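As the structure is a prediction and not an experimental result, all values here were calculated from the model.
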Amino acid sequence: MTEERLALGRLGEELANRRLRSLGYEILERNYRCPLGEIDLIARDGDVLVFVEIKTRKNRPLGEAKEAVNRRKQGQLSRVALAYLKSKKLWDAKARFDVVAIGVGEGKEKIEIIRDAFELAH
């Protein structure tokens with residue numbers, strides 16, 4: 001991955017982190033990794049545990065960012081989320097998957113939060 005793409009990803013994660021916190025989400029984990037993969041953010045929204053995938057695109061429509069969370073990606077995120085729940089012994093936790101789509105370009109950012117973006121896929 002190029003340094004430019006890594007920097008864009010870091011920018012997107014910071015923008016998403018700030019926006020979610022401003023909406024009342026409590027950020028629990030950033031870049032949670034396990035042998036099955038990674039989840040960008042894990043947060044609490046009220047009494048719901050939220051697994052957040054962040055997609056950032058530069059000078060492209062937000063739709064491209066949202067579409068990047070396809071069935072394969074949903075399956076991977078689901079497996080990582082289940083591993084997290086198991087490792088923390090959160091058997092009865094209410095949980096959901098949110099996607100944050102971020103578009104940057106021409107000196108401005110557009111952020112869209114898709115709550116409950118998909119169901120657990122395993």
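Nearest heavy atoms, K73 versus A68: CB-O, 4.1 Å. Here the shortest heavy-atom pairing between L77 and E38 reads CD2-O, 3.8 Å. S87 approaches Y32 most closely through the heavy-atom pair OG-OH, 3.8 Å. Nearest heavy atom pair, residue I102 against residue G12, reads CD1-O, 3.1 Å. Looking at every heavy atom in both residues, I39 comes nearest to A81 through CD1-N, 3.7 Å.
Counting only heavy atoms from C-beta outward, the side chains of F51 and L82 never approach each other to under 4.5 Å. Residues L85 and L49 meet the side-chain proximity criterion, which asks for heavy atoms closer than 4.5 Å. Between V50 and I42, every side-chain heavy-atom pair lies at or beyond the 4.5 Å cut-off. For the pair Y25/D98, a side-chain contact is recorded, criterion being any heavy-atom separation below 4.5 Å from C-beta on. Residues L90 and Y84 form a side-chain contact, since some pair of their non-hydrogen atoms from C-beta on lies under 4.5 Å apart. Contact annotation: the side chain of D116 never approaches that of F97 to less than 4.5 Å [non-hydrogen atoms, C-beta and beyond]. Within the 4.5 Å cutoff, the side chain of I54 has heavy atoms near those of the V52 side chain.
Within a 6.0 Å radius of CZ in R21, no more than 12 heavy atoms belonging to other residues, nucleotides or ligands are found.
A distance of 11.0 Å separates SG in C34 from NZ in K86, rounded to the nearest 0.5 Å. To the nearest 0.5 Å, atoms CZ (R5) and OG1 (T56) are separated by 10.5 Å. Atom CG in L41 sits 6.5 Å away from atom CG in L20 (nearest 0.5 Å). Note that NZ of K110 is 14.5 Å distant from CG of L15, once rounded to the nearest 0.5 Å. The CG atom of L36 sits 11.5 Å away from atom OG of S78, with the distance rounded to the nearest 0.5 Å.
Looking at Q76, its side chain never comes within 3.5 Å of a backbone N or O of G37 through a donor-acceptor pair. Between the D40 side chain and the N31 main chain, no donor and acceptor come within less than 3.5 Å of each other.
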>> Does R18 form a salt bridge (Lys or Arg N to Asp or Glu O under 4.0 Å) with E13? I'd like the steps, not just the answer.
In response: CA-CA 9 Å; R18 278 192 257 153; E13 287 181 7; over 6 Å; no

>> K58 vs E4, test: side chain to side chain contact (heavy atoms under 4.5 Å, CB included). Steps then yes/no.
In response: CA-CA 11 Å; K58 185 174 180 181; E4 182 180 0; 3.6 Å; yes

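Taking the charged nitrogens against the carboxylate oxygens, K55 and E53 do have a contact shorter than 4.0 Å, which makes a salt bridge. In this structure, R96 pairs ionically with D45, as a charged nitrogen and a carboxylate oxygen lie closer than 4.0 Å. Between E14 and R19 no salt bridge is recorded (no basic side-chain N to carboxylate O distance below 4.0 Å).
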